[in-house]
*Asks:* 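One structure, pasted below without further comment.
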2 protein chains.
Amino acid sequence: MADVAERAGVSTSTVSRTLRGLSTVSPDVRARVEKAARELNFAVSRQAASLVTGRTGNVAVLVPTLDAWFMGAALSSLAPLLRAAGMELNVYVIPDLAERTSFFERLPARRNADALLVFSFDLTDEETARLDSLGIPVIYVSQHVEGRPSVYVDDVAGALHGTRHLLNLGHRRIAFLATQGASGFSFSSNERLLGYQQALTEAGVPLDDDLVTAVQVADRRGIAEALGTLLSLREPPTAIFAEQDEVAVASVRILRRTQIAVPERISVLGFDDQPLADWFDLSTVAQSAADIGREAGELALRLIEDSEDEHQRHVVLPTHVMPRATTAPVYRPQGEGEEGRG
Amino acid sequence: MADVAERAGVSTSTVSRTLRGLSTVSPDVRARVEKAARELNFAVSRQAASLVTGRTGNVAVLVPTLDAWFMGAALSSLAPLLRAAGMELNVYVIPDLAERTSFFERLPARRNADALLVFSFDLTDEETARLDSLGIPVIYVSQHVEGRPSVYVDDVAGALHGTRHLLNLGHRRIAFLATQGASGFSFSSNERLLGYQQALTEAGVPLDDDLVTAVQVADRRGIAEALGTLLSLREPPTAIFAEQDEVAVASVRILRRTQIAVPERISVLGFDDQPLADWFDLSTVAQSAADIGREAGELALRLIEDSEDEHQRHVVLPTHVMPRATTAPVYRPQGEGEEGRG
DNA sequence: ATGAAAGCGCTAACAA
DNA sequence: TTGTTAGCGCTTTCAT
């Protein structure tokens with residue numbers, strides 16, 4: 001910076017003012033400084049600046065992984081937004097328990113970011129409390145944490161509408177495939193189940209525990225077993241509502257492999273509308289990760305500006321039923337017999 | 001830090017030494033300092049430290065987007081590696097030309113990172129030169145830039161082996177679907193075409209320009225058109241080698257929709273082995289984004305340690321043919337007639 | 001509108 | 001082994 005100052009024939013204060021775009025610089029001086037800076041390929045050191053301003057210019061993001069569609073989509077929309085605000089994006093990936101423990105123990109984001117966005121974790125109360133001690137705004141994405149700023153979709157309404165779609169197609173035996181993570185059910189999972197139940201109740205269809213099963217996303221064998229159980233019920237389902245697109249697609253593949261036509265014989269509905277759903281022409285309940293990312297980013301920037309800003313700390317985004325090729329009116333056998341059972 | 005020093009009854013130098021794990025601290029003092037630091041919830045400010053050490057503790061990554069499988073997988077393996085080395089991961093997303101221009105103009109990574117990993121761009125010479133001026137190691141991932149450290153797979157060999165697989169199945173009319181990005185063909189694209197041609201030549205199969213077409217990844221209509229052209233050739237292909245899994249899967253869907261059985265009638269081979277390939281049981285040439293990410297990260301750390309380290313600046317990773325359900329021996333019509341033409 | 005000087009929180013000599 | 005001191009490169013009063 002001293003070099004630039006010298007070259008432009010001004011003081012470093014003036015260079016600083018110019019480069020930060022303060023209006024208290026005369027046009028000609030500004031021009032000279034900018035020219036000098038360009039010629040010297042000069043860029044302000046954030047480190048040095050942050051030392052005196054107390055702001056780092058970083059926004060940190062905590063994610064379980066980066067190869068889930070949700071993270072990719074959310075961060076892709078978040079990043080340009082931060083960039084436009086002159087912020088850097090810092091990513092912490094916590095793939096396993098060890099990394100997670102270490103993160104919450106050492107809190108590497110401390111003093112190193114102006115805000116933290118926490119993506120899709122089911123945090124314990126202790127962990128949440130620990131994050132409170134960071135001294136910066138913490139925004140929870142895809143989860144509601146009481147009293148803390150959060151951005152998420154209305155999972156209850158999403159599942160409610162999805163289930164209604166199936167009911168409207170004439171289905172009465174509708175199975176629900178919940179997804180169970182390593183650490184049990186997520187908040188979303190519970191909410192989606194709730195929406196499913198609400199829709200059934202509202203339609204006067206009795207709840208049947210046999211129709212609700214839990215599976216793990218990546219466990220294809222487990223999904224097959226779950227389907228097997230459903231298919232061998234006295235009254236098997238005519239429709240399956242999976243809480244996640246991956247499980248829905250896996251189900252479609254398993255059913256079709258067994259020559260059970262989807263959607264003619266059994267309808268399958270997913271939740272998320274990730275790219276995979278489109279590839280498989282899967283009917284699903286869509287949520288927009290891009291919107292979530294954007295809203296979270298904007299909320300973060302707002303809270304950095306004014307952490308006391310109590311205005312709209314919870315952002316709830318809508319979902320949309322996306323009808324595609326795996327849901328259809330309920331199967332009505334032409335003749336008699338057992339045809340009606342999937 | 002002063003607080004910690006006071007609480008532990010030592011100087012800030014000692015605190016600094018302790019917290020950096022230097023061995024020149026007596027055990028009891030170390031214990032006292034660590035206790036004080038823990039009690040005060042103290043964390044060293046990287047900003048202040050970097051100001052004096054000249055190192056930022058950041059590794060920057062430049063990516064076109066984050067929702068491509070490759071970035072997700074590569075970064076997911078890269079991140080823990082950096083974390084283990086005490087480095088932060090800084091992500092720059094450059095989705096469009098405007099952001100790209102702005103990035104290379106302002107070079108926000110300047111003075112803000114100790115190394116830069118450039119993912120899958122086809123940079124102009126000017127852009128590369130600009131990055132040289134950053135004054136930090138720049139590692140090119142999934143592309144070879146002459147004289148600069150790079151990590152990539154052997155695309156020529158990959159395509160060569162893939163094509164050989166098809167030749168070994170008896171195919172002689174093998175089409176190649178190249179992928180064209182917004183800015184023309186990528187380096188990989190050219191290399192893969194080359195491997196394809198080498199395999200044919202080595203097998204004595206004449207090259208036929210009619211069998212090589214360019215499409216755009218997301219343009220399903222364009223892919224359908226390309227397939228239409230191939231299917232209406234005098235001698236249509238019996239196998240299609242797509243340079244990217246997405247295009248291969250799109251092709252499979254289009255062919256099957258037209259009742260052209262894959263792989264019985266036409267074989268389809270992809271390249272990448274991204275998750276989508278597994279979902280569609282697509283035969284493909286596998287590359288490991290995770291390995292690439294890891295190698296790139298290790299190379300970066302090595303170059304940060306010693307930027308003069310000339311040792312193995314180019315890392316070339318292998319590919320593997322992954323046979324699944326979309327390649328099969330060439331179709332031999334039983335009787336006479338035109339059956340043989342797809 | 002501009003400059004001089006102080007100091008942000010840390011590390012790295014150097015001394016002890 | 002520990003403490004003292006002098007900056008690192010900026011921003012920010014406070015003068016002018």
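In what follows, chains are A, B, ... by sequence order, proteins preceding strands, each numbered from 1. Note that the structure is predicted; figures quoted are calculated from it, not measured.
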*Asks:* D:dG9, D:dT2, D:dC10: which one has an atom nearest the side-chain heavy atoms of A:Leu51?
*Replies:* D:dG9

*Asks:* Taking the nucleotide of DNA chain D with the closest heavy atom to each, which residue, B:Pro27 or A:Ala49, is nearer the 5' end?
*Replies:*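 Its nearest nucleotide being more 5', the pick is B:Pro27.
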
*Asks:* Given atom CG of A:Leu19 and atom C1' of D:dT12, what is their separation to the nearest angstrom?
*Replies:*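 These atoms are roughly 16 Å apart.
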
*Asks:* Strictly below 4.0 Å: does B:Thr14 bring a side-chain N or O up to OP1 or OP2 of D:dG3?
*Replies:*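 Affirmative; the distance criterion is met.
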
*Asks:* Could you tell me the separation between the CZ atom of A:Arg30 and the P atom of C:dT2, rounded to a whole number of Å?
*Replies:* 10 Å

*Asks:* Using the side-chain heavy atoms of A:Met1, tell me which of these nucleotides is nearest: D:dT11, C:dG9, D:dG3.
*Replies:* D:dT11

*Asks:* Among D:dT11, C:dA1, D:dT4, which nucleotide sits nearest the side chain of A:Thr24?
*Replies:*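 Of the candidates, C:dA1 comes closest.
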
*Asks:* Out of C:dA12, C:dC10, D:dT12, which has the shortest distance to the side chain of A:Arg111?
*Replies:*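 Nearest to the side-chain atoms of A:Arg111, counting from C-beta on, is C:dC10.
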
*Asks:* Among the nucleotides D:dT12, C:dT2, D:dG7, which one has an atom lying closest to any side-chain atom of A:Val25?
*Replies:*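 Among D:dT12, C:dT2, D:dG7, the one nearest the side chain of A:Val25 is C:dT2.
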
*Asks:* Report the nucleotide, chosen from C:dT2, D:dT2, C:dT11, that has the shortest atom-to-atom distance to any side-chain atom of B:Arg17.
*Replies:* D:dT2

*Asks:* To the nearest angstrom, how far is B:Arg32 atom CZ from D:dT1 atom P?
*Replies:*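 It works out to 15 Å between those atoms.
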
*Asks:* From C:dG9, C:dA1, D:dT12, pick the nucleotide closest to the side chain of B:Val52?
*Replies:*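 For the B:Val52 side chain, the nearest candidate turns out to be C:dG9.
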
*Asks:* Take the protein atom CZ of A:Arg55 and the nucleotide atom P of D:dT12, then report the distance between them rounded to whole Å.
*Replies:*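 That distance rounds to 11 Å.
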
*Asks:* Measure from the side-chain heavy atoms of A:Phe42 and tell me the nearest of D:dC10, D:dT1, C:dG9.
*Replies:* D:dC10

*Asks:* Is any side-chain N or O of B:Ser50 closer than 4.0 Å to OP1 or OP2 of C:dC10?
*Replies:* no

*Asks:* Are the side chains of A:Leu116 and A:Leu131 in contact, using a 4.5 Å heavy-atom criterion?
*Replies:* yes

*Asks:* Going by heavy atoms in the side chains, are B:Ile292 and B:Val141 under 4.5 Å from each other?
*Replies:*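 Answer yes - side chains close enough.
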
*Asks:* Atom CG of B:Asp3 to atom C1' of C:dC10: distance rounded to whole Å?
*Replies:* 14 Å

*Asks:* Figure out the CZ/P separation between A:Arg46 and D:dC10, and round it to whole Å.
*Replies:* 13 Å

*Asks:* Please give, in whole Å, the distance from C:dA13 P to B:Leu22 CG?
*Replies:* 12 Å

*Asks:* Please state whether the rings of A:His144 and A:Phe187 are parallel, tilted or perpendicular, taking 30° and 60° as the class boundaries.
*Replies:*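 A:His144 vs A:Phe187 ring planes: tilted.
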
*Asks:* State, with a plain yes or no, whether a side-chain heavy atom of B:Phe121 is found less than 4.5 Å away from one of B:Leu62.
*Replies:*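 Yes, at least one pair of side-chain atoms sits under 4.5 Å.
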
*Asks:* Less than 4.5 Å apart, side chain to side chain, heavy atoms only: is that true for A:Leu299 and A:Arg302?
*Replies:*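 Touching, per the 4.5 Å side-chain cut-off.
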
*Asks:* Say whether, by atom type as modelled, one donor and one acceptor occur between the side chain of B:Asn58 and the main chain of B:Ala60 under 3.5 angstrom.
*Replies:* no

*Asks:* From the options D:dC10, D:dT12, D:dG7, select the nucleotide whose nearest atom is closest to the side chain of A:Ser13.
*Replies:*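 Nucleotide nearest to A:Ser13's side chain: D:dT12.
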
*Asks:* Go nucleotide by nucleotide along DNA chain C from the 5' end; which of A:Ser11 and B:Val44 gets its closest nucleotide reached first?
*Replies:* A:Ser11

*Asks:* Nearest of C:dG3, C:dT11, D:dC10 to any side-chain atom of B:Arg20?
*Replies:*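 Nearest to the side-chain atoms of B:Arg20, counting from C-beta on, is C:dT11.
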
